[in-house]
Participant: 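To start, I am sharing the structure in question, which I have written as structure tokens.
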Amino acid sequence: MYSTDPFKYGKRLQTSDAVVFALLGLGIYGLIATAQRWQGVYQPDFKMDLALSALPLYGLYSLFRAMIAYSLSLSFTLIFGYLAAKNRFAEKLIVPLLDIGQSIPVLGFLPGLVLGLVAVFPKTNIGLELACIIMIFTGQVWNMTFSYISSLKAVPTQLHEMADNIGLGRVQKLLSLELPCAATGLAWNSLMSMAGGWFFLTVCEAFTLGDKNFRVPGLGSYMALAIEQNNHRAMFAGVFLMIFIIVFMDFVIWRPIIAWTARFRLSESNESLHSDIPFMSLLLKGSPFFQRLIDLLNTVLIRAGNFRIKDRTSTPNPLETFIAKNPRGQRRRLKKLIAYFNASKFFQFFIIAALIVIGFVIAGKVYQLVETLHWNDWRDIFVATSFTFMRVLAALLIASLWAIPAGIWIGLSPKLTRAFQPFIQVGASFPAPMLYPLALGIFNAMGLELSISSSFLMLLGVQWYVLFNVLAGAIGISQDLRESFRLIGLTNRTKWMKLYLPSIFPALVTGWVTAAGGAWNASIVSEYVIYQGHTLKTRGLGAMISEATNSGNFHILAACLIVMIVTVVSINRLGWSRVYQIAETRFRFER
Amino acid sequence: MMSPPNPASTISPLVELQNVHQTFKLSSGQKIKVLKDINLSLMPNEILTLLGPSGSGKSTCLRIMAGLQEPTQGKAKRHGHTFDGANTDIAMVFQNFALLPWLKIFENVALGLEPLRLSKDEVNERVKRAIDLVGLEGFEEAYPRELSGGMKQRVGIARALVMERPILCLDEPFSALDVLTAEVLRKEVLNLWISKKTSIQSIILVTHNILEAVSLGGRILVMGANPGHIRIAIKNDLPYPRDEKSGKFKELVDNIHDVITESVIPDAPEWVPPALAASVAESFPPVPMNEVIGLIEMVCDQGGRLDAFALAHTLMKDSVQILLMAKAAELLDFVDTPKNAIVATDLGRRFARGDVNTRKKMLHSQLEQLQMVKLLKGKLESSEDFSIQREEAIQLIQDWLPNEPASVVLDTLIQWCRYGELFGFNADKQTIYLDRGEEVGEG
């Protein structure tokens with residue numbers, strides 16, 4: 001930061017610069033292509049070309065949508081996560097909103113976004129593209145924000161006191177203390193968020209709303225069309241490109257970032273999942289151009305850090321001075337009065353009032369939509385909900401049956417962990433709906449009806465959450481305890497029942513909660529599937545939501561969404577939080 | 001060799017606390033009073049030490065003076081005026097160093113200058129000087145994890161020095177270090193202050209180590225707990241550097257020992273009218289029973305008599321902790337505690353000789369004689385299924401021992417009674433139940 005050696009970059013450009021330039025070139029090309037597409041004349045139903053030669057550009061479009069959505073997610077996280085972590089009042093508003101947002105499946109956002117944004121930009125594709133990006137954003141953002149809030153809250157008090165004692169301003173504190181502390185969690189969650197964004201890509205890029213078809217050019221819409229037309233070659237090509245994009249992102253972006261954030265861990269131990277330096281980091285280290293770029297960024301950040309919003313000690317509170325000027329007897333009364341109506345309270349009051357008004361407007365609109373529904377409709381919705389509920393439970397059960405033993409088995413051996421991790425990561429990031437046609441082919445051959453097999457379709461997407469968490473838990477099983485169990489000569493059964501399962505339990509619960517949320521969301525694509533050009537559907541809440549969106553029946557859609565939000569949030573709040581508490585108090589090792 | 005000039009009454013204090021009270025609210029809604037009516041002031045050119053057991057609120061005092069904590073009641077003043085936010089006259093050194101592991105030593109120290117927006121050259125110069133002062137030359141490019149504890153604390157001190165503030169606050173700065181390192185660093189801090197090479201006019205030191213307090217402090221404020229209060233202020237005019245072996249030094253240490261001992265083990269218990277005596281419940285020192293048993297064994301092994309402070313020294317434990325253990329053993333009639341000594345009673349000797357079962361029986365019957373245990377047992381026996389909720393027990397303790405933290409007392413009580421197989425505790429249901437599985441003793 002403080003060294004000024006003009007020769008440290010090396011004088012000439014290196015070969016690794018070529019790679020950096022190539023990546024930059026790709027980025028610029030993608031930007032131009034995206035900009036042209038946005039500027040283009042409004043074309044809601046893009047004529048897709050299933051030829052393989054068209055695929056790379058589609059892939060680039062999708063990659064850019066996901067990246068723009070990710071930038072939005074990151075900005076949202078940094079702003080609202082900070083507010084929620086720093087201000088109790090904001091926390092009380094933001095956390096429940098995040099909870100609700102998380103429980104709304106992407107189709108819930110779709111009609112409002114598309115109709116609204118297309119109305120704002122009727123001439124160009126901007127509206128439709130924005131709607132698509134925001135839909136991807138709703139699949140990414142929640143876990144990132146939750147992780148950021150919990151990281152900020154976990155910054156040790158002593159470090160906060162140190163920063164306050166030195167007199168760091170808010171921005172300086174954020175840059176030098178809080179962001180570094182949150183970096184590791186943020187990096188891992190970014191990786192998961194990207195996966196969450198890919199999941200509904202086929203839905204986000206191609207959908208039907210009432211009598212209108214919408215389609216934007218991209219990998220998701222390509223896959224959707226290939227599935228519709230039952231074009232096997234295109235399907236395989238799409239799957240292949242998706243895997244390529246995931247591996248490419250992992251290699252070029254996530255691995256270097258995760259390796260870089262490892263330095264910001266507060267614990268001083270050196271152990272890490274990725275102990276070896278990723279190839280890309282080495283490459284970037286060897287690129288003078290990249291280093292120059294980073295240094296420039298650093299300087300800008302330090303400048304920004306030196307910019308102080310407000311100095312608390314030097315500017316006296318005008319209210320305080322006002323009080324001090326008044327005669328003694330009145331001071332107390334004045335103080336009380338002002339304390340009651342002080343600025344932040346007034347602000348809070350304003351926000352609450354605004355939220356109440358907005359809440360009433362939304363409730364009114366929703367009521368108008370729902371009012372017309374017959375009692376029978378509600379009955380159908382509740383029956384459908386219980387069907388979906390059973391499917392979610394079944395998916396969790398099956399996921400647990402294989403992922404718990406597998407996760408423990410892999411996690412206990414560092415060798416296996418290293419070997420399997422890349423595959424698990426790709427598996428978890430791959431959007432399962434793209435594999436549904438293949439899976440359905442197998443299930444049909446086995447004679448399973450969609451009513452049953454949709455549970456397995458859910459499983460395809462959510463089993464990874466269970467596996468991932470169990471794996472992380474198993475890696476953390478105390479070495480001392482394992483050795484002592486072995487020395488005592490306890491049987492395998494005892495080891496599993498008394499050591500492994502209890503040790504992974506807290507992590508497993510986290511996995512279950514995430515998986516259950518994912519399964520509810522995934523019901524919209526697994527209970528209503530396009531297979532060999534036909535639409536297959538079964539009774540369930542997800543199917544109802546999909547059908548209501550397709551047929552433009554916003555009355556049913558609104559009712560279904562309300563039921564889903566209430567169900568998911570209350571299961572989280574009442575059910576999972578209890579289990580979580582047990583896990584935290586009974587099975588957490590003290591560190 | 002020099003001694004600090006006496007603070008004259010006309011000089012205004014650098015920082016002071018006036019009638020400060022502090023209450024913390026627990027997440028359970030329970031309020032805990034940690035400070036009660038604290039008045040203290042730091043004069044120019046002095047080392048003020050706050051000495052007391054854990055829980056006496058000395059760190060909280062420090063935080064209020066540094067403006068990191070706002071008092072519930074009362075005022076913190078800087079040069080006679082109240083202030084908002086952090087007190088920029090104070091540079092803090094923390095018990096666990098508070099270094100950022102991702103910054104190099106140079107950058108960690110330079111962090112102290114960040115708010116000043118100095119030029120690069122100035123930063124370089126000031127950081128270099130601070131690093132030289134604490135003897136860290138050559139480690140500028142190292143990361144904290146590459147340093148030993150003592151070296152890390154040097155970085156902490158350098159970061160405080162680099163800010164060039166008039167007051168240095170040391171919050172248990174040496175207690176995370178081994179004995180030798182602590183001693184070396186103590187001397188260096190003292191030399192820094194005496195040499196006047198730095199901006200530091202005065203030092204506030206928070207510690208639970210009596211020797212440390214006496215070897216550094218010009219004024220020693222002895223604090224008591226529950227809630228934290230200042231018991232006594234002791235002036236220490238011995239010239240620096242102080243010789244720990246000198247008679248006067250030892251005398252002062254002994255005096256302070258006595259003050260602390262008095263509060264922990266009252267030699268002459270306050271006189272209580274006989275009628276009331278039976279209804280007064282004892283307070284429980286919060287120490288685990290296994291440690292108390294360990295103490296009894298150790299005393300008996302050493303011929304039945306031990307000096308509490310010598311023991312604290314050999315075990316490298318906080319002497320207050322040893323005294324609390326002794327008090328617990330005394331409560332059960334296993335030892336006596338005349339002055340600073342711990343003497344085993346006949347009962348104690350028999351206990352130490354006994355096997356596991358004998359011990360259980362003896363512990364059982366001794367515990368049964370405690371007022372609080374009797375009360376709890378009565379309540380348990382009168383309940384339907386011989387068990388009560390934790391909350392009920394806490395209520396009972398609050399009624400009888402209103403000045404003590406009820407949940408801590410209860411946890412101690414449960415831990416002891418589990419050893420004596422009197423009561424059990426079901427952590428799932430949060431209930432306390434009568435241990436009737438194997439009735440032991442004459443109970």
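Source: prediction; values computed, not measured. Proteins get letters first, then strands, A, B, ... in listed order; numbering begins at 1 in each.
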Participant: Measure the spacing between CE of Met162(A) and CG of Leu99(B) and express it to the nearest 0.5 Å.
Facilitator: 7.5 Å
Participant: Taking all heavy atoms of Asp164(A) and all of Ala86(B), pick out the closest pair and write down the distance.
Facilitator: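 Nearest heavy atoms, Asp164(A) then Ala86(B): O-CB, 3.3 Å.
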Participant: What are the two closest non-hydrogen atoms of Trp102(B) and Pro180(A), and how far apart are they?
Facilitator: CZ2-CB, 3.2 Å
Participant: Is Ile90(B) close to chain A through its backbone or its side chain, or both, or neither, when contacts mean heavy atoms under 4.5 Å?
Facilitator: both
Participant: Within a strict 4.5 Å, meaning less than it, do heavy atoms of the Arg165(B) and Asn165(A) side chains meet?
Facilitator: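 When only atoms from C-beta onward are counted, Asn165(A) and Arg165(B) do touch, with a gap below 4.5 Å.
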Participant: Is Met92(B) in contact with chain A via its backbone, its side chain, both, or neither, using a 4.5 Å heavy-atom distance?
Facilitator: both
Participant: Looking only at heavy atoms, which two atoms of Leu111(B) and Ile166(A) are closest? And how far apart?
Facilitator: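 Closest approach of Leu111(B) to Ile166(A), heavy atoms only: O-CG2, 3.6 Å.
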Participant: Chain A heavy atoms under 4.5 Å from Gln69(B): which part of the residue, side chain, backbone, both or neither?
Facilitator: neither
Participant: Taking atom CG of Leu68(B) and atom CD of Glu161(A), what is their separation to the nearest 0.5 Å?
Facilitator: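 These two atoms lie 5.0 Å from each other.
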Participant: I'd like to know if the side chain of Gln172(A) and the backbone of Glu114(B) have a donor-acceptor N/O pair within less than 3.5 Å.
Facilitator: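 Checking the backbone N and O of Glu114(B) against the side chain of Gln172(A), a donor-acceptor pair under 3.5 Å is found.
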